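Notes to accompany the following structure.
Sequence lines set the chain letters: A, B, ... in the order given, protein chains first and strands last, and positions in each chain run from 1. None of these values were measured; they are calculated from a predicted model.
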Protein chains: 4
Amino acid sequence: MTTQRPSSNPARRSEASRRAILTAAFELVGEVGYAKLSIEGIAARAGVGKQTIYRWWPSKGTVLLDAFLMLSGGQDGEAALPDTGDLEADLKTVLRATVAELNDPRYDEPMRALATEIAHDPELAAAYSERLDGPMRELKKERLRAAQRAGQLALDLDLDVAVEMVWGPLLNRWLQRGGPLTPGYADSVVETALNGLRPRG
Amino acid sequence: MTTQRPSSNPARRSEASRRAILTAAFELVGEVGYAKLSIEGIAARAGVGKQTIYRWWPSKGTVLLDAFLMLSGGQDGEAALPDTGDLEADLKTVLRATVAELNDPRYDEPMRALATEIAHDPELAAAYSERLDGPMRELKKERLRAAQRAGQLALDLDLDVAVEMVWGPLLNRWLQRGGPLTPGYADSVVETALNGLRPRG
Amino acid sequence: MTTQRPSSNPARRSEASRRAILTAAFELVGEVGYAKLSIEGIAARAGVGKQTIYRWWPSKGTVLLDAFLMLSGGQDGEAALPDTGDLEADLKTVLRATVAELNDPRYDEPMRALATEIAHDPELAAAYSERLDGPMRELKKERLRAAQRAGQLALDLDLDVAVEMVWGPLLNRWLQRGGPLTPGYADSVVETALNGLRPRG
Amino acid sequence: MTTQRPSSNPARRSEASRRAILTAAFELVGEVGYAKLSIEGIAARAGVGKQTIYRWWPSKGTVLLDAFLMLSGGQDGEAALPDTGDLEADLKTVLRATVAELNDPRYDEPMRALATEIAHDPELAAAYSERLDGPMRELKKERLRAAQRAGQLALDLDLDVAVEMVWGPLLNRWLQRGGPLTPGYADSVVETALNGLRPRG
DNA sequence: GTATAAACGAGACGGTACGTCGCGTCTTTAA
DNA sequence: TTAAAGACGCGACGTACCGTCTCGTTTATAC
């Protein structure tokens, strides 16, 4: 993290405190909810002075983002979306997994917290885009590119639009509580996105 | 509204205070941002005691929702989406208008505020769904139903899914700041949603 | 009460409400203490609108004063201090009774409430002086005058000073919690006041 | 002060804030009166957060008590009542000074405030007794003891009663506004207390 | 008898202050 | 030098009452 505030020397940073803070933040937001998540609470739970948080993170949102990065840090880099050759099936598999995760109370609240912080903080949104969403989106686009090569997708597609066409409806329904998130809904979205709303010949 | 909290008598409610509060809330969230929006600030701006807010609204989010309802109250009821017979053109018109509104700083912050409150408050989400989103969605479905009758849409479509397929990507990109909101993007979404990702004939 | 605010017609005044308010005030101050005594609480306990209190009393203190007047109203007028011919014994009797009353939790708090309101409100003090303390003091002075006639008291005494010499130490110790209020203390005060601090021949 | 609430570390306490709070409290009670004295007002005048007051003082009364202690802190310890050998003259001197102080508007309101807080708060009364009234009373008793040694006072006197016999009437008249506080009244009280009410042979 | 005007209960209103929580900064002590 | 600890000025929270002000509803003369 070379762009961190230069006044502090990251070399001296306590790794134990960092992990304790991120773990505490993730757990707390799940337990007490986003509205009652406080820096003081995180510091107390982590057994850390408040200053240690303020020294290394500029906002509550960045702590949350780092917490998510730590959790997803293991499989980072080499992960890829499944590719059985059947795009529709593969997308349904992935979206069903997403549905399961969004329905899991351990992840629901923390993800809402991060999502709403992003909605109000452009800088955090940029960091999120670069470090979490960007890599994820690249994997998705890679899978779609493979489908294009296999002739299963139109060649003139804007892949960013395509990705949003598949994941956007689901995430929007989740965050806005626009309806139940079920495996069947995931399937519907995939089918409709692939076939379009118009009747097919 | 017979389900009003019984401890207060709505008959005695001051309509002037109600309007002042909703106006102040909407203006303030636009001026100082959601993070700095406070009940205290709303009360001060509206020239009203705090208790008058707490007496009639259970949360900041419900105040915001009512503020939106008041603003959109005029054209309520008889509004309808344009229907020129050309579904694609009509949807592009509507989505371009939505893009313009979401890019308007007067509406951007207030809408984000409401959207993120909804994301954290199921009760508010239900109220929003019933009083703002529901009627809006009905208009959208009505336009799609007309297109179905005209043979422009598949007959076996789940219209709720269809609506989300058109508006979901846009709203998700907006709220999560996933990319620029341009008229061209609106067009892309409409085209892709109608035609689907798969190659056509 | 002919000096009552002329804008209201006392003739129409509800005697039932008046009694309910005074009773509620006296009871409440005993139950919840002076600090938590509120007009709202009195009104609620009395089953009365707040305005009915504000209409007839200018302050909490005057309500308390009237409550005391109502309670002591029965034996008003013809009461007198005991006169057995033995001044010392009579004063001890009276002061022991006073000690007992001040130690009674039913009267302690209300009396403290009234006393401290008086300490901060000259108008209330004047009303108290005229309507409660004055008549009481007259009885005391009358008893002392009888003792003077009997040659038991110096003839050049300022009877107001004399009264305060007997009751002042007791009331001061009570209000300021300067020490325990016991019958023995009452006796000591009477003896010392009568004999003086100087050695007697 | 080892009995300080253990949750706060007195070592870290800001002496500047402490003095500012006590000064502000004393000044404010004199300016706006006891009824309008508020913690919020004290904090604002002192340039201090409310929490800093709540952290170190349990009640408004204890703040006032400490304010008095700070003011009387200078001459603490070595002070003594005048002793010219003439007890009556000395007591008149002291009581006239007391009368002057109680008539001084700078001290009247603050002293009433403290006195009435004490009347309603036994804990505060104990603290007052220990830290302000106790030492004062010791000085008074010391002067009376000297008079006893000089044969000017009865030897079997209860000195606590004696002190109250001299100061009680005065303080009671002051606090209850039972009459004017004049130098002549002070003289009367001293004379009557020394000689007693009974005629002297 | 009826009208009419007050006093009444109820309680909403604009305010002030309460006592608490958390913010982000700063200072002290120990490792 | 970093870290735990926590005091500090500050601002907002949600609550309790203040004293004022309508609201209908008794109620009790004055027509």
Side-chain angles (χ1 to χ4, degrees), chain A residues 7-14 16-17 36-44 46-56 58-60, chain B residues 7-14 16-18 20 35-44 46-56 58-60, chain C residues 7-14 16-18 20 36-44 46-56 58-60, chain D residues 7-14 16-18 20 35-44 46-56 58-60:
Chain A
S7 63
S8 296
N9 182 351
R12 292 217 180 232
R13 184 169 185 180
S14 160
S17 291
K36 295 195 173 175
L37 181 68
S38 67
I39 298 279
E40 297 218 346
I42 296 171
V48 137
K50 283 197 290 178
Q51 198 58 43
T52 303
I53 300 182
Y54 286 110
R55 189 157 23 230
W56 300 107
S59 69
K60 223 157 53 176
Chain B
S7 63
S8 296
N9 183 351
R12 294 239 195 278
R13 186 168 184 179
S14 160
S17 293
R18 187 184 151 270
K36 294 193 174 175
L37 180 68
S38 64
I39 298 280
E40 209 144 284
I42 296 171
V48 139
K50 280 197 286 178
Q51 199 58 46
T52 300
I53 301 182
Y54 286 110
R55 185 151 33 223
W56 300 109
S59 67
K60 225 158 49 177
Chain C
S7 63
S8 295
N9 181 356
R12 291 203 183 250
R13 185 169 184 179
S14 161
S17 291
R18 187 183 153 273
K36 295 194 175 176
L37 181 68
S38 65
I39 298 279
E40 297 219 344
I42 295 170
V48 137
K50 283 197 289 175
Q51 198 59 38
T52 301
I53 301 181
Y54 286 110
R55 184 154 31 225
W56 300 108
S59 69
K60 224 157 52 176
Chain D
S7 63
S8 295
N9 183 352
R12 296 269 157 87
R13 185 166 184 180
S14 160
S17 293
R18 186 182 152 273
K36 293 195 175 176
L37 180 68
S38 66
I39 298 280
E40 207 143 284
I42 296 171
V48 138
K50 280 196 288 180
Q51 199 59 49
T52 300
I53 300 182
Y54 286 110
R55 184 150 36 222
W56 300 109
S59 68
K60 226 157 50 177

[N] [atom2] sits how many Å from [X] [atom1], rounded?
X	N	atom1	atom2	answer
D:Arg55	F:dC10	CZ	C1'	12 Å
C:Ile53	E:dA10	CD1	C1'	13 Å
C:Arg13	F:dT27	CZ	C1'	17 Å
A:Ile42	E:dG22	CD1	C1'	12 Å
B:Lys60	F:dA12	NZ	P	10 Å
C:Ile39	E:dA10	CD1	P	17 Å

Assign each of D:Gly47 and A:Gly47 the nucleotide of DNA chain F bearing its closest heavy atom; nearer the 5' end lies the nucleotide of A:Gly47
B:Leu37 or D:Val48: which one's nearest nucleotide on DNA chain F is closer to the 5' end?
D:Val48
Between [X] and [Y], what is the shortest heavy-atom contact and its length?
X	Y	result
C:Ser38	C:Gly41	OG-N, 2.9 Å
A:Val48	A:Ile53	CG1-CG1, 4.2 Å
B:Lys60	B:Leu37	NZ-O, 3.1 Å

Is the shortest side-chain heavy-atom distance between A:Thr52 and A:Arg55 below 4.5 Å?
yes
On the nucleotide [N], are OP1 or OP2 found under 4.0 Å from the side-chain N or O atoms that [X] carries?
X	N	answer
B:Ser17	E:dG14	yes
A:Ser38	E:dC21	no
A:Trp56	F:dA3	yes

Rounded to the nearest 0.5 Å, how far does [atom2] of [Y] lie from [atom1] of [X]?
X	Y	atom1	atom2	value
D:Glu40	D:Ile42	CD	CD1	11.0 Å
A:Gln51	A:Ile39	CD	CD1	11.0 Å
B:Trp56	B:Arg13	CH2	CZ	5.5 Å

N/O to N/O distances under 3.5 Å, protein versus nucleotides 25-27 of chain E:
unit_1, atom_1, unit_2, atom_2, d
E:dC26, N4, A:Gln51, OE1, 2.5

Within the 4.0 Å heavy-atom criterion, would you say C:Gly41 contacts the bases, only the backbone, or no part of the nucleic acid?
nothing
Minimum-distance nucleotide (side-chain atoms of A:Glu40 versus F:dC8, E:dG22, F:dC18)
E:dG22
